[in-house]
Amino acid sequence: MGLPADGTSELLIDGKLVPGSAGTFPTVNPATEEVLGVAADADAADMGGAIEAARRAFDDTSWSTDHAFRVRCIRQLRDALREHIEELRELTIAEVGAPLMLTAGAQLEGPVDDLAFSADTAENFAWNHDLADAAPQGIPTRRTVAREAVGVVGAITPWNFPHQINFAKLGPALAAGNTVVLKPAPDTPWCAAAVGRIALEHTDIPPGVLNIVTSSDHGVGALLAQDPRVDMVSFTGSTATGRAVMIDGAATIKKVFLELGGKSAFLVLDDADLGMAASISAFTAAMHAGQGCAITTRLVVPRARYDEAVEAAAATMGGIRAGDPTHKRTVCGPVISARQRDRIQGYLDLALDEGGRFACGGGRPADREAGFFIEPTVIAGLTNESRVAREEIFGPVLVVLAHDGDDDAVRIANDSPYGLSGTVYSGSDDRAQTVARRLRTGTVNVNGGVWYSADAPFGGYKQSGVGREMGVAGFEEYLETKLIATAIN
Ligand code: NAD
């Protein structure tokens, strides 16, 4: 159930594992550049079949109304994934380049366990509730608010935390009574295909309820946003692609839920332990080679202590070697592909052109012959107006900026098209809280608090997204609201 024994993964369509009509495409280990094997390559007709199956399963079965059955299926899925966790771990490290230590948390085990939250939420949810009896327009009326599944959900996901993002969509979407077509990123098809096989072989999820369509062609994913048979698209990825999905969805006025990019700020106020805060910021920016949408990639420190902060960040980041993700101490593995590595290198070159300097790192590590590695890098000497400080780099790259007090720190943090996350460090929780409340972002860490958990809503302001994933808010994204008004005779 981990790496496919025959080196090939299939599509899951209408309860069957099938090959892709466009053949296959390779999946590559980003730490070694070895081709692991191939994945089924779907074409438009395959996607059409998956959408049709999901539509039928929604319209013609009791999936959307049998809450107890769905809860049981999701618990079966969680249990089966747990039984295969070691194979999934091997696959995740090989295909994603995820450091082993992260698979105990957000790269694998955390999201698998979090499926329990979706099942529990559905089990305890108030699917119907009555408003007070009233007499609108003089007619005595009993009014019931009914919550119902949206319908067919198209889920489109990226490669950086494939299980986390796939399960943060599949869990609530299925628990809420929707049927789903999942289109994972072309870089990580096996992570999703393995889930499809496990769901088919170890759960009672009926045919058509869960479909998984891997494809090398982004256009196949775009069909989910365009097709009138799909009621909702749940997308995680870059802001540019999110915009395209929103435009495609507009033709049928689809519900469009978006989790997009970020360029979050780590604010250190002048009463904080600067050395410790800068070091934590640097460590975080190097994790999983910086491939996290909510990673704080702008360290914003008091101007008077700028050099000290750069030194502390560089001491930490310079001590982290980009290395083999199978090793238990590796924090920073490879980036996903040669394309991403070259894109990050482009930003490093740009940093110098914009007048910045490297306090550590700045390129590809000399000691790695194969694999898509970038050295953890601290960039100093730039302002928040530089492109390197404004655009999402998605690599192990931290930009250190100077602020002139709390108001200026808030101004810099908010001077971004994004608004996904943020961090505030201060010697005073009250002062940090005051700053946190002024940040235009969906999550804020104050003095080391952890915002990531199954019951906590996650999402972005501004161009970082629309809607919330996880928590009860993330469950309710997948529901419609119906008001039933019955005349009282
Ligand atoms: P991407 O936008 O290139 O691709 C994401 C997915 O969209 C892939 O499955 C891709 O095949 C598909 N896709 C591409 N073009 C499409 C189109 N026109 N219509 C429909 N689908 C299309 O993103 P990526 O490079 O895979 O992932 C990195 C990005 O994801 C970063 O910007 C990162 O910040 C973001 N991200 C956001 C979150 C969040 O929760 N906010 C989480 C993880 C990653």
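One is the number of the first residue; the rest follow in order along the sequence. Just the heavy atoms: all of them, side chains too, but no hydrogens, waters or symmetry mates, feed the values below. Just so you know, ligand 1 is whichever comes first in the structure, and atom 1 is the first atom listed for that ligand.
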Taking only non-hydrogen atoms of Leu420 and a 4.0 Å limit, the atoms of ligand 1 in range are 41 (N)
Starting at OG1 of Thr423, measure out to CD1 of Ile295 and round the result to the nearest 0.5 Å.
11.0 Å
Look up atom CE in Met470 and atom OG in Ser118, then write down how far apart they are to the nearest 0.5 Å.
9.0 Å
Numbered atoms of ligand 1 (with element) below 4.0 Å of Ile165, judged on heavy atoms
42 (C), 43 (C)
Mode of Glu392 contact toward ligand 1 - side chain, backbone, both, neither (heavy atoms, under 4.0 Å):
side chain
Just to check, does Gly459 reach to within less than 4.0 Å of ligand 1 when the distance is taken from its heavy atoms?
no
Minimum distance, heavy atoms only, to atom 43 (C) of ligand 1: which one of Leu224, Asp187, Leu182, Asn160 is it?
Asn160
Option whose closest heavy atom lies nearest to atom 23 (O) of ligand 1, chosen from Ser238, Gly154, Ala222, Ser216
Ser238
Looking only at protein heavy atoms, which one is nearest to atom 12 (C) of ligand 1, and what is the separation?
Ile156 CG2, 3.6 Å
Could you check which of Leu258, Leu223, Thr241, Ile295 puts a non-hydrogen atom nearest to atom 22 (C) of ligand 1?
Thr241
Quick one: look up the protein heavy atom nearest atom 41 (N) of ligand 1 and list residue, atom name and how far away it is.
Leu260 O, 2.6 Å
Tell me the protein heavy atom at minimum distance from atom 27 (O) of ligand 1, and give that distance in Å.
Pro158 CB, 3.3 Å
Is it the case that ligand 1 has an N or O less than 3.5 angstrom from some N or O of Thr236?
no
Nearest protein heavy atom to atom 9 (O) of ligand 1, by residue and atom, and its distance?
Thr157 O, 2.7 Å
Closest approach of any protein heavy atom to atom 10 (C) of ligand 1, naming residue and atom:
His218 ND1, 3.3 Å
Nearest non-hydrogen protein atom, atom 24 (P) of ligand 1:
Trp159 NE1, 3.4 Å
Trace of the salt bridge (charged side-chain N to carboxylate O under 4.0 Å, His left out) decision for Arg440 with Asp415:
CA-CA 9 Å; Arg440 302 263 303 141; Asp415 181 13; over 6 Å; no
Return yes if a side-chain donor-acceptor contact under 3.5 Å exists between Glu34 and Asn29, otherwise no.
no
If you measure from the Lys or Arg side-chain nitrogens to the Asp or Glu carboxylate oxygens, is any gap between Lys255 and Glu480 under 4.0 Å?
no
With the threshold set at 4.0 Å, does a side-chain nitrogen-carboxylate oxygen contact exist between Glu109 and Arg89?
yes
Which atoms of ligand 1 are found less than 4.0 Å from any heavy atom of Val245?
19 (N), 20 (C)
Kindly confirm or rule out an N or O of Phe458 lying under 3.5 angstrom from an N or O of ligand 1.
no
I'd like to know whether ligand 1 has Phe161 as a neighbour, heavy-atom separation below 4.0 Å.
no
About how many Å separate CG of Asn178 and OG of Ser234, when rounded to the nearest 0.5 Å?
10.0 Å
Considering only protein heavy atoms, which is closest to atom 36 (N) of ligand 1, and at what distance to one decimal place?
Cys293 CB, 3.6 Å
Inspect the contact between Arg82 and Asp113 and indicate whether a charged nitrogen and a carboxylate oxygen are less than 4.0 angstrom apart.
yes
Atom 4 (O) of ligand 1 protein-contacted (non-hydrogen atom, under 4.0 angstrom):
no
Considering only the protein, which heavy-atom contact is closest to atom 28 (C) of ligand 1, and what is its distance?
Phe394 CE2, 3.7 Å
When you measure from the side chain of Ser264 to the backbone N and O of Thr296, does any donor-acceptor pair fall under 3.5 Å?
no
Using the side-chain hydrogen bond (donor to acceptor under 3.5 Å, both in side chains) rule, take Ser416 and Arg390 through it: C-alpha gap first, then chi angles, then the decisive distance, then the call.
CA-CA 6 Å; Ser416 167; Arg390 301 191 78 77; over 6 Å; no
Tell me, yes or no, whether the heavy-atom count around Arg56 atom CZ, taken from other residues, nucleotides or ligands under 6.0 Å, exceeds 12.
yes
Are more than 12 heavy atoms, taken from residues, nucleotides or ligands other than Met101, located less than 6.0 Å from that residue's CE atom?
yes
Nearest option to atom 35 (C) of ligand 1, as decided by whichever heavy atom of Gly261, Pro184, Gly237 sits closest
Gly237
Flag the pair Glu10 and Lys16 as a salt bridge only when some basic side-chain nitrogen lies within less than 4.0 angstrom of an acidic carboxylate oxygen.
no
Where does Asp248 meet ligand 1, judged by heavy-atom distances below 4.0 Å: at the side chain, the backbone, both, or neither?
neither
Non-hydrogen atoms of Pro186 versus ligand 1: any pair closer than 4.0 Å?
yes
Checking Cys191 against His163 for the side-chain contact (heavy atoms from CB on, under 4.5 Å) test, could you report, in this order, the C-alpha distance in whole Å, the side-chain angles of both residues, the deciding distance, and whether it holds?
CA-CA 7 Å; Cys191 283; His163 298 300; 3.7 Å; yes
